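What follows is a short report on a single structure.
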Amino acid sequence: MPRQQIGRVAATTGNDPELDALILRLHIETACRRGAVLALSLEDLNHADCLVRLHEKGEIIRWQPVSLQLMTRLVEHVERRGGAPATEKVLRYRNGKPVGRRRYDYLTKRIREHLPWADILQISIHGVRHTTLTFVEREFGVAIARAYAGHTHSGGTGGATLTYTTPSIVEPAEALSAITGQPHPLARDVRHPLAPRTGSPTRQRMTL
C-alpha cells in the first residue's frame, strides 16, 4: 500500500488536515483499531516513555510505543485546541469537541476520491493496520506481531509456544523504530533494528 500517497491526501486536503494526519499516523505507528484512537484520553499519554495506552475491543488495555515525533504532535494538538478544559479526549476538532466515528468516514471517502487505486481496493483504516502488522511479522516474527496487534496468546495454532515467548514492551519499541526510522527510549540500543550489526544484516525499514 503506497502509504506516502495516503498520508499526503490526509495531510494536505480536507477541512482539518492536521487532525487527519494525526489519526492516520496513530494507526500506522500503533496498528490499533479505530475505537482505540477515538477512546484515547489525556491520561493515556505517557510522554516520558513515548507510550500511549490503548483501550481496545474485548476490554483489552495495553501500552503501545509511539515515536517522539508523534507524541510531541499529539501534545501540541491538545494544547492548541483547548487543552484539558475542552475535553479529556486527545483528538478533537478546532472547537475543542472530541472526534467521532464520522471523521473516519470523511477521511476514507476523501482518500478514495483523490486516489483512484484506493477506491478500487476499497482502502480503509483496517488496511493500514494490516500493512503495519504484516511488516512487523515479516521482520520480527509472529510473537512480536501478535503483541504489536494487541492479540491475546490463548488458544489457536502455536498457542503454547507463543505463551512462553510473549514479548515485553521492548520488542514492540524496536519494531516501531524500524517502522519510523526514529529511536525509541525503550528500545535496547544494542538491538536497534537500524543499527549495523557485525555478521548480521540490518533489518528493513518500513516505507511510510
Side-chain angles (χ1 to χ4, degrees), residues 1-40 45 47 50 52 54 64-81 89-140 145 148-149 172-184 193-194 202-208:
M1 181 194 304
R3 285 167 295 277
Q4 302 96 323
Q5 295 182 38
I6 294 176
R8 191 178 305 115
V9 171
T12 61
T13 67
N15 58 19
D16 198 340
E18 175 192 315
L19 174 60
D20 292 335
L22 280 176
I23 291 174
L24 184 61
R25 188 73 188 195
L26 269 167
H27 285 286
I28 290 174
E29 291 199 13
T30 68
C32 68
R33 298 175 178 85
R34 180 173 60 178
V37 168
L38 294 177
L40 196 64
L45 301 183
H47 192 281
C50 288
V52 294
L54 302 175
Q64 185 81 356
V66 296
S67 66
L68 175 60
Q69 182 183 63
L70 176 56
M71 179 61 72
T72 300
R73 289 180 178 175
L74 288 172
V75 172
E76 292 174 348
H77 173 78
V78 170
E79 292 175 349
R80 283 196 297 266
R81 301 194 174 195
K89 301 300 183 183
V90 172
L91 295 176
R92 67 273 299 272
Y93 295 106
R94 292 188 181 92
N95 61 9
K97 292 184 178 180
V99 170
R101 293 181 177 273
R102 292 183 63 183
R103 191 69 199 181
Y104 279 86
D105 297 335
Y106 173 66
L107 175 58
T108 300
K109 179 181 178 182
R110 202 165 78 248
I111 290 172
R112 293 177 183 177
E113 287 177 346
H114 284 79
L115 302 173
W117 63 265
D119 186 42
I120 293 173
L121 296 177
Q122 294 293 287
I123 289 300
S124 65
I125 290 298
H126 180 76
V128 173
R129 166 182 162 85
H130 182 265
T131 300
T132 295
L133 294 177
T134 298
F135 171 83
V136 174
E137 180 177 350
R138 183 176 67 244
E139 296 296 324
F140 293 87
Y148 211 97
E174 292 171 348
L176 175 71
S177 292
I179 292 171
T180 64
Q182 302 173 35
H184 191 277
L194 300 181
T202 304
R203 292 191 188 275
Q204 294 294 316
R205 174 188 171 188
M206 188 175 95
T207 303
L208 295 176

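All values derive from a computational prediction rather than experimental measurement.
- Side-chain N or O atoms of Arg112 include one that pairs as donor or acceptor with a backbone N or O of Ile123 at under 3.5 Å.
- Side-chain contact between Thr131 and Ile28 is absent, with no heavy atoms from C-beta onward closer than 4.5 Å.
- Considering only heavy atoms from C-beta on, Leu68 comes within 4.5 Å of Cys50 through its side chain.
- Between Tyr93 and Pro98 the shortest heavy-atom distance is CE1-O, 3.7 Å.
- In this structure, Arg110 and Val9 approach most closely via the heavy-atom pair NH2-O, 3.8 Å.
- Side-chain contact between Ile111 and Gln5: absent, with no pair of heavy atoms (C-beta onward) separated by less than 4.5 Å.
- Between the side chains of Glu29 and Thr180, not a single donor N or O lies within less than 3.5 Å of an accepting N or O.
- Here the closest heavy-atom approach between residue Pro17 and residue Thr12 is recorded as CB-N, 4.1 Å.
- Contact check for Ile125 versus Arg129: no side-chain heavy atoms found under the 4.5 Å cut-off.
- In this structure, His27 contributes its side chain and Cys32 its backbone to a donor-acceptor pair below 3.5 Å.
- Summarising the geometry of Ala21 relative to Ala11, their closest heavy-atom pair is CB-CB, 4.0 Å, with the distance given to 0.1 Å.
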Quiz item: Which is it for Arg103 and Asp20 under the salt bridge (Lys or Arg N to Asp or Glu O under 4.0 Å) test, yes or no, and what are the steps along the way?
Solution: CA-CA 8 Å; Arg103 191 69 199 181; Asp20 292 335; 2.9 Å; yes
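- The nearest pair of heavy atoms linking Gln182 to Ser67 is OE1-CB, 3.5 Å.
- Rounding to the nearest 0.5 angstrom, the gap separating the CG atom in Asn15 from the OH atom in Tyr106 is 4.0 Å.
- Arg8 is not listed as a side-chain neighbour of Thr13, based on a closest heavy-atom distance of 4.5 Å or more.
- A donor-acceptor pair under 3.5 Å links the side-chain atoms of Arg81 to the main chain of Arg92, judged by distance alone.
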Quiz item: What's the verdict on side-chain contact (heavy atoms from CB on, under 4.5 Å) for Thr72 and His47, showing C-alpha distance, side-chain angles and the deciding distance?
Solution: CA-CA 8 Å; Thr72 300; His47 192 281; 4.3 Å; yes
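- A donor-acceptor pair is defined here as one N or O able to donate and one able to accept, closer than 3.5 Å; no such pair exists between the side chain of Thr108 and the backbone of Ser124.
- With values rounded to the nearest 0.5 angstrom, Arg34 atom CZ is found 7.0 Å from Leu38 atom CG.
- Every residue was checked against the ring-ring contact (aromatic ring centres under 6.0 Å, His included) condition with His114, not counting sequence neighbours, and none meets it.
- No donor-acceptor pair under 3.5 Å is formed between the side chain of His184 and the backbone N or O of Leu176.
- A salt bridge links Arg80 to Glu18: one of the charged nitrogens lies within less than 4.0 Å of a carboxylate oxygen.
- At least one side-chain heavy atom of Leu91 sits less than 4.5 Å from a side-chain heavy atom of Leu74.
- Counting all heavy atoms, side chain and backbone alike, Ala145 lies closest to Leu133 at O-CD2, 3.9 Å.
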Quiz item: Arg94 and Asp16: side-chain contact (heavy atoms from CB on, under 4.5 Å), yes or no, with the steps?
Solution: CA-CA 8 Å; Arg94 292 188 181 92; Asp16 198 340; 3.8 Å; yes
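- Between Glu137 and Tyr148 the shortest side-chain heavy-atom distance does not fall below 4.5 Å.
- Considering CD1 of Ile120 and CD of Gln122, their distance stands at 9.5 Å, rounded to 0.5 Å.
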